[in-house]
Amino acid sequence: MAEKEGKIKLLGCWASPFSRRVEMALKLKGIPYEYLEEALPNKSPLLLELNPIHKKVPVLVHNDKILPESHLILEYIDQTWSNNPILPQDPYEKAMARFWAKFIDEQILTVGFRSLVKAEKGREVAIEEAREKFAFLEKEVTGKDFFGGKTIGFVDMVAGSIIPFCLARLWEGMIIDVIPEDEFPELNRWIKNLKDIDCVRECIPHREKQIEHMMKVSERYKLA
Amino acid sequence: MADEVILLDLWASMFGMRTRIALAEKKVKYEYREEDLENKSSLLLEMNPVHKKIPVLIHNGKSVCESLIQVEYIDETWPGDNSLLPSDPYQRAHARFWGDFIDKKVNVTARRIWATKGEEQEASNELIEILKTLEAELGDKHYFGGETFGYVDIALIGFYSWFGVYDKFGNISIESECSKLIAWAKRCMQRESVAKALPETEKVTTFISQCLGLE
């Protein structure tokens with residue numbers, strides 16, 4: 001099939017959960033790719049050329065096709081390489097997966113990072129507000145091995161790249177525990193399940209490096 | 001078994017307009033229920049507990065939230081002859097990119113024009129730039145997707161009914177700055193699905209003026 005042939009290049013950043021989740025999908029489907037590391041926050045001319053509108057990683061290049069935005073890339077990969085599907089076929093289940101992915105990248109990222117770092121009403125309030133949002137995810141993953149069911153899927157890659165290996169490292173650096181096991185047993189169980197999956201394990205950034213990175217990012221964000 | 005489709009919505013919502021247009025394009029029969037956002041119905045709170053926002057599409061008792069997710073859902077559930085999204089994965093991604101752009105850029109910036117004090121000038125200048133970017137993407141095409149009306153047109157057209165608000169509060173004239181986009185909007189308004197879904201601009205402008213206590 002012509003569409004699957006050809007070279008894949010991925011422009012990413014080791015610390016970016018958005019680029020890590022694309023790598024998870026490529027590895028799950030056994031798709032070889034050339035990885036190009038962006039030395040953020042400096043943006044290379046290549047990045048600015050490939051993604052002039054948002055100027056962000058990840059960007060996937062497949063033959064002459066250029067794709068920015070991690071959700072779009074994940075869906076493109078899933079539609080082009082049909083082995084090990086990450087999105088359900090059923091339109092309703094698919095809509096739910098897209099809904100949760102949007103919730104995670106918008107709401108969870110806000111409460112798990114932005115609101116916590118700024119802590120305009122104090123840290124305790126920020127943590128409480130974060131827990132209210134995480135409670136929705138706790139409910140969603142209850143009784144399931146993964147958000148995708150028996151195997152990992154789209155939502156697992158979105159949540160899995162952001163929560164345990166990005167936000168949780170920020171929280172470690174801040175010496176807080178936003179999703180303690182006694183309050184969020186299902187989410188913690190899901191995190192343990194994730195770590196057993198090869199394509200996830202291969203995409204986990206180095207812990208100490210990531211903690212240091214997240215603390216730097218949070219300082220920059222506070223001053224912005 | 002007949003489909004039961006309910007849409008919880010607000011007449012002035014540019015997001016709700018997307019879902020109304022998609023349902024009409026696919027000739028899906030549905031029950032429209034107007035929500036009072038000051039007094040949200042128990043059905044709304046039950047069907048969208050995460051965001052408590054409209055529009056909410058309820059299909060045979062199951063709710064789908066977020067307007068662009070609803071448009072895709074409608075396209076996939078009622079395929080018919082007229083696809084709202086291309087079938088090619090790359091073209092699909094391209095369409096969804098612009099839908100996402102509209103959500104991230106148009107909405108957030110446009111709101112600042114009337115909802116935030118002191119930011120009208122800056123926000124309206126930014127909005128014009130954003131609309132020009134969209135104009136460039138449209139180019140000389142009939143619609144954003146080419147010859148057929150689709151997802152990106154649906155994502156953007158609802159904002160057209162709000163252009164009067166942005167003109168008034170931002171002290172700009174979108175028509176003189178983005179004439180190609182206005183021409184596109186008028187083409188869309190020729191479609192019955194769009195004409196029925198969009199309220200008159202004056203009605204939206206009066207509504208917002210009243211909300212702000214200016215009329």
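What you see below is based on every heavy atom in this structure, not just the backbone, and it leaves out hydrogens, waters and symmetry mates. Proteins get letters first, then strands, A, B, ... in listed order; numbering begins at 1 in each.
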**Q.** R98(A), K94(A), M96(A) screened by side chain to side chain contact (heavy atoms under 4.5 Å, CB included) with I69(B), the one that passes
**A.** R98(A)

(Q) What part of D100(B) gets within 4.5 angstrom of chain A, counting heavy atoms only: side chain, backbone, both, or neither? (A) side chain

Q: Begin with the C-alpha distance, continue with both residues' side-chain angles, and end with the deciding distance and a verdict on side chain to side chain contact (heavy atoms under 4.5 Å, CB included) for I53(A) and W98(B).
A: CA-CA 11 Å; I53(A) 295 206; W98(B) 287 104; 3.3 Å; yes

Q: Kindly say whether the aromatic ring centers of F97(B) and H54(A) come within a distance under 6.0 Å.
A: yes

Q) Does any heavy atom of chain B fall under 4.5 Å from the side chain of E132(A), the backbone, both, or neither of them? A) neither

Q. Hey, is NZ on K26(B) packed in by over 12 heavy atoms from elsewhere, all under 6.0 Å?
A. yes

Q) Should we say atom CG of D81(B) is surrounded by more than 12 heavy atoms from elsewhere, each under 6.0 Å from it? A) no

Q. If you count heavy-atom pairs under 4.5 Å between each of D78(A), L67(A), L72(A), D90(A) and chain B, which one has the most?
A. L72(A)

Q. Can you tell me if NZ on K118(A) sees more than 12 non-hydrogen neighbours from other groups inside 6.0 Å?
A. yes

Q. Chain A: which of E66(B), Q70(B), K105(B), H59(B) shares the most heavy-atom pairs with it under 4.5 Å?
A. E66(B)

Q | Any residue of residues 123-140 of chain B which, by heavy atoms, sits under 4.5 Å from chain A | A | T133(B)

Q. Crowded around D177(A) CG? As in, over 12 foreign heavy atoms under 6.0 Å?
A. yes

Q: Assess whether atom NZ of K121(A) is packed by more than 12 heavy atoms of other residues, nucleotides or ligands within 6.0 Å.
A: no

Q) F99(A), F136(A), Y92(A): which one forms the most heavy-atom pairs within less than 4.5 Å of chain B? A) Y92(A)

Q: Might you work through the salt bridge (charged side-chain N to carboxylate O under 4.0 Å, His left out) test for E106(A) and K104(B), ending with a clear yes or no?
A: CA-CA 11 Å; E106(A) 290 175 7; K104(B) 286 197 173 99; 5.8 Å; no

Q: Take atom NZ of K27(A) as the centre, draw a 6.0 Å sphere, and report whether it contains more than 12 heavy atoms from other residues, nucleotides or ligands.
A: yes

Q. What do you reckon, is CD of Q91(B) surrounded by more than 12 foreign heavy atoms closer than 6.0 Å?
A. yes

Q.
Suppose a student defines contact as a heavy atom less than 4.5 Å from any heavy atom of chain A. Which residues in residues 41-56 of chain B would they list?
A. P49(B), V50(B), H51(B)

Q. Is the number of heavy atoms from other residues, nucleotides or ligands within 6.0 Å of CZ (R111(B)) greater than 12?
A. no

Q: Heavy-atom distances under 4.5 Å only: say whether R92(B) touches chain A with side chain, backbone, both or neither.
A: side chain

